[in-house]
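This report concerns only the one structure given below.
Counting starts at 1 for both ligands and their atoms, following the listed order.
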Amino acid sequence: MTHDLIKASLIIVLALNLTVMNIRKLLDQRFSLAFIEAGLPENAPTVIKPSSRPEFGQYQANGIMGAAKKLKSNPREIANKVLENLAIDDLADKVEIAGPGFINIHLKPDWLSNQLDTAMQSDTAGVSQSKNPITVVVDYSGPNLAKEMHVGHLRSSIIGDAIVRTLELVGHNVIRQNHVGDWGTQFGMLIAHMVDQQNESADLSVKLADLETFYREAKQRFDDDSDFAETARDYVVKLQSGDEQCKALWQQFIDISLQHCEDVYQQLHVSLTRDDVKPESSYNDDLPDIINDLDKQGLLTESDGARVVFLDELKAKDDKPFPAIVQKSDGGYLYATTDLAALRYRHHTLAAKRIMYFVDARQNLHLNAVFLIAKKAGFVADNTSLEHLAFGTMMGKDGKPFKTRTGGTVKLVDLLNEAEERAYALVAAKNPDLSDSEKKEIAHKVGIGAVKYADLSKNRTSDYIFNWDSMLSFEGNTAPYLQYAYTRIHSIFKKVDDYNADASIQLEAPEERQLAVKILQMEEVIDQVAKDATPNVLCNYLYELAGNFMSFYEACPILKAEKTVKNSRLKLAKQTANTLKLGLGLLGIETMERM
Ligand code: ARG
């Protein structure tokens, strides 16, 4: 082999290995072996955790006490036995027993700096690719197209998008499905109103630019005028039987409504496009087939003329099985029927192994029923993972669902514009010398980032209170704080002209070691977020990372340090910035070089 070829093949090998170890997993493996050697039960949990204080090392193994209790023996004695059998010299320079039987692990600076170098060469901050990538369908956003998107669509859109980006980073084949509501009785009323407006020679495209008002007018007429309501119902029948003229009007409405959504996605930095839209209407032709199939399998019961699947698994308080209606007595189909067709499509056509629904917690019973029926009917495989990743409600200051001052629903675009305006005022006050277009661009990233981060950093399943002041603060666990930390690191590099990326990383000070370990923990954090769909875990991590950086920055001068130390610290700073940018990027939050 020529020299170049050898070099090339070495680079390929290196490229394949550009991922860091999941420290927690690695320690778990080592301790599991030592547990077995020490005579502990085979599946005794090692309980590896990051340490709470640097004096205790970087990680702790807390599983000894539990195992000792089961064996009814002395935990410190067992801890000693475990340590005798522990092979860990390559990773740790000190392992000690503390308290009743905790084990503190001090990781070796050399090993850490090697891992960091690996992370720095990869464009995923060292985060490793899944060993068994699968096809994952992610169902999120899913607005109803009869109206404009409102604040109720925020959580699904941004939480779903963060998880999509995370799953893609670790190498899964992710298929986004925007299950928009574009079919149903509301559209009859909208078409009827369109026809009348056209007859009155109003400019439809102008009228439809404000969908909210258009919807309200149509609804008002539907409620007040029985002739109009009658016409509206006729249009529904016509639409569903494929009437060309009706369909064309409906399509015009849908196109405009989707354009509204796309504008919101773009402003919100959500990655959904027109290609990801798989509307309810697209399943229309499958619905009779779904009913037939359920019937053939003996899953259907007639109840007051409707067709129902009774589910013993979902018993109500009265102990009666839950009735999932799949066809109404007038022959019409329901939301659930469409969801069954969607599941069948996602399994058969898209070949999904994992299907994730980012849908409001209030739809839990609906989705559970649909999942059960789909499994019983074989619309999905037994081992297809069906997950409802529920979320709570965004509340106003009064602790009630977020509304306008007059009690109406808040359009999402209005909320986002307000965020940008508020951020603009902050940016202008902080940095008056910026040009107006720069201020606007920064305000966009900060304002949108703040709204998203305030939501993503909360426990997904709880309700939370929306608060402008706290989300836009430059202190605390907020997007502006993290974005600012990123720009600060950037400004350090502006003062350096001799940065050497090949320098070795030295981890002498405890703050340096702590920061190094924190950077490397991105791997385990991503692992967890991809598994549990919990963006708040990533937010907390980024917040701690920024905090660790600040402590390091205070304790360890960078620019004044001697050359090798300076370069080592610059590398730590650089990798902190890379990790912050990657992490915020996964949350769909943009960073900037100055603000
Ligand atoms: N359009 C529904 C709504 O606004 C959400 C759709 C969720 N996805 C699903 N497959 N059901 O409530």
Side-chain angles (χ1 to χ4, degrees), residues 136-161 163-164 174-187 190 211-212 215 219 250 253-254 257-258 260-262 264-265 268 270 272 276-284 286-287 290 309 324-326 333-350 352 354-375 377 379-380 384-394 401-402 409-412 460-461 533:
V136 187
V137 160
V138 183
D139 181 317
Y140 69 112
S141 197
N144 188 336
L145 296 185
K147 302 190 217 181
E148 260 179 75
M149 287 179 80
H150 57 82
V151 291
H153 297 114
L154 179 71
R155 304 210 70 188
S156 174
S157 305
I158 66 179
I159 301 173
D161 208 47
I163 298 309
V164 159
V174 180
I175 305 176
R176 296 160 173 77
Q177 293 282 279
N178 193 357
H179 191 87
V180 299
D182 66 339
W183 206 236
T185 50
Q186 288 167 323
F187 290 92
L190 293 165
L211 273 192
E212 216 43 41
Y215 179 89
K219 177 86 169 78
W250 168 80
F253 186 92
I254 295 299
S257 186
L258 278 175
H260 279 281
C261 295
E262 279 156 20
V264 170
Y265 295 146
L268 199 49
V270 158
L272 287 166
D276 307 314
V277 173
K278 178 73 178 140
E280 287 185 8
S281 63
S282 68
Y283 298 108
N284 201 34
D286 302 341
L287 302 182
I290 292 287
V309 183
I325 307 176
V326 289
Y333 303 102
L334 293 105
Y335 184 45
T337 329
T338 305
D339 261 323
L340 286 171
L343 269 172
R344 198 174 62 161
Y345 167 78
R346 290 164 186 188
H347 168 62
H348 280 287
T349 309
L350 301 180
R354 180 182 191 191
I355 309 179
M356 306 170 83
Y357 289 77
F358 289 89
V359 179
D360 192 304
R362 285 166 291 194
Q363 293 193 30
N364 186 253
L365 188 56
H366 159 76
L367 285 173
N368 277 343
V370 166
F371 293 170
L372 276 168
I373 299 172
K375 288 239 157 146
F379 295 153
V380 296
T384 310
S385 174
L386 304 178
E387 303 168 28
H388 176 202
L389 302 148
F391 47 81
T393 307
M394 174 172 145
F402 194 81
T409 45
V410 179
K411 282 208 277 179
L412 196 42
R460 172 164 53 71
T461 52

Would Y333 and Y283 count as a ring-ring contact (aromatic ring centres under 6.0 Å, His included) here? Give the steps. CA-CA 11 Å; Y333 303 102; Y283 298 108; over 10 Å; no
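Judged as a salt bridge (Lys or Arg N to Asp or Glu O under 4.0 Å), and not counting sequence neighbours, D339 has no contacts. The side-chain hydrogen bond (donor to acceptor under 3.5 Å, both in side chains) search around R155 returns D455, not counting sequence neighbours. A search for ring pair (Phe, Tyr, Trp, His ring centres under 6.0 Å) contacts involving H150 returns H153, not counting sequence neighbours.
Contact check for I290 versus F379: side-chain heavy atoms found under the 4.5 Å cut-off.
Each of K278, R346, H388 was scored for a side-chain hydrogen bond (donor to acceptor under 3.5 Å, both in side chains) with D139, with one residue passing: R346.
Listed as neighbours of ligand 1 are D139, G142, H179, Y335, D339, Y357, V359, Q363, each bearing a heavy atom under 4.0 Å from the ligand.
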